**Student:** 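Quick one: structure below, then a few questions.
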Amino acid sequence: SRAPAISVSAESCIPAGLRLGPVPGTFKLGKYLSDRKEPGPKKKVFSYAVPPVFQVRMVRGELVDEAGSSALEWIGLIRAARNSQEQTLEAVADLPGGQIFYRALRDVQPGEELTVWYSNPLAQWFDIPVTATPTHDEKGEERYICWYCWRTFKYPNSLKAHVHFHCALSHGRPFLHHDH
């Protein structure tokens, strides 16, 4: 079983457009995404020099922590966003197959958790579904259904990750929308 996820949050404003990275290692964003947030330890990051515990500040255009470690040391701790409403960063690449970076979609406010999902071009490159259409259950709540195995999900990105990484019945086929 997997250890609880560590959440990374901003301690001060992180400006829109700021790029973090490159993301080290094999890129499998969303492989361990679930519909629920797992409680776990928190790490706070900063974009300006402010004196609390896990201080990360801007040095020559990049975020570094209090020990001088670059984002490469903690960028892998940023969790996948379950939907666009909680997403603060998007994964981008300069070229298809190139190094991957995270880019702030908007100003991230102090206390907000950093969460990331694929940009549309990067999702297409990795053959990750770009859209997911909700249905409504008997209580009228939105649900997302895997059209291969019929498993249901509360969030669209949980479904997209399931289809790409876990659904044994999809066999690498592209994502089907409910109208197909």
Side-chain angles (χ1 to χ4, degrees), residues 2-34 37-38 40-132 155-166:
R2 216 165 45 98
I6 294 175
S7 65
V8 177
S9 62
E11 185 61 32
S12 61
C13 183
I14 295 174
L18 181 72
R19 282 178 29 144
L20 307 172
V23 179
T26 304
F27 191 69
K28 293 185 178 180
L29 175 63
K31 184 167 183 172
Y32 303 108
L33 180 62
S34 71
K37 284 193 175 185
E38 300 168 358
K42 295 184 183 215
K43 180 170 182 70
K44 295 181 180 182
V45 296
F46 301 77
S47 62
Y48 305 108
V50 180
V53 183
F54 292 108
Q55 184 172 6
V56 176
R57 62 191 184 285
M58 294 290 290
V59 175
R60 292 183 297 282
E62 75 170 319
L63 289 174
V64 297
D65 67 16
E66 71 279 0
S69 300
S70 72
L72 294 175
E73 302 294 322
W74 49 265
I75 196 169
L77 302 176
I78 297 173
R79 293 198 287 181
R82 297 173 297 175
N83 58 39
S84 60
Q85 290 78 25
E86 72 179 23
Q87 181 180 354
T88 57
L89 308 170
E90 70 175 347
V92 297
D94 291 329
L95 300 168
Q99 289 185 312
I100 296 170
F101 294 84
Y102 292 165
R103 185 180 66 82
L105 292 170
R106 58 176 172 73
D107 288 349
V108 180
Q109 299 304 312
E112 272 191 272
E113 180 179 2
L114 301 180
T115 58
V116 63
W117 195 249
Y118 298 83
S119 64
N120 284 347
L122 193 61
Q124 290 170 348
W125 173 258
F126 281 108
D127 200 27
I128 302 283
V130 176
T131 61
Y155 297 99
N157 292 350
S158 301
L159 168 63
K160 295 172 193 177
H162 163 78
V163 169
H164 182 73
F165 292 109
H166 304 291

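Predicted model only: the values in this text are computed from it and were never measured. These numbers come from the heavy atoms of this one structure, side chains and all, not from hydrogens, waters or symmetry mates.
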**Student:** Look at the side chain of T115 and the backbone N and O of R79, then say whether any donor-acceptor pair between them is shorter than 3.5 Å.
**Tutor:** no
**Student:** Which heavy atom of I14 sits nearest to which heavy atom of A104, and what is that distance?
**Tutor:** CG2-CB, 4.5 Å
**Student:** Within the distance-only criterion (no hydrogens, no angle test), does the side chain of S119 pair as donor or acceptor with the backbone N or O of A91 below 3.5 angstrom?
**Tutor:** yes
**Student:** Supply the atom-to-atom distance S34 OG to H162 NE2, rounded to the nearest 0.5 angstrom.
**Tutor:** 13.5 Å
**Student:** To the nearest 0.5 Å, tell me how far Q109 CD sits from T88 OG1.
**Tutor:** 11.0 Å
**Student:** Quick check: closest heavy atoms across A16 and D107, and the distance to 0.1 Å?
**Tutor:** N-OD1, 2.8 Å
**Student:** Could you tell me the separation between the CG atom of L159 and the CG atom of N83, rounded to the nearest 0.5 Å?
**Tutor:** 13.0 Å
**Student:** On the 0 to 90° scale, with breaks at 30° and 60°, tag the F27-Y118 ring pair as parallel, tilted or perpendicular.
**Tutor:** perpendicular
**Student:** Please find the pair of heavy atoms, one from L20 and one from I78, that lie closest to each other, and give the distance.
**Tutor:** CD1-CD1, 4.4 Å
**Student:** At what distance, to the nearest 0.5 angstrom, does CZ of R19 lie from CZ of R103?
**Tutor:** 9.0 Å
**Student:** Can you list everything that forms a ring pair (Phe, Tyr, Trp, His ring centres under 6.0 Å) with F165? Sequence neighbours excluded, please.
**Tutor:** none
**Student:** Sequence neighbours excluded, which residues qualify as side-chain hydrogen bond (donor to acceptor under 3.5 Å, both in side chains) partners of S158?
**Tutor:** D35
**Student:** Checking H166 side chain against K31 main chain: does a donor-acceptor pair fall under 3.5 Å?
**Tutor:** yes
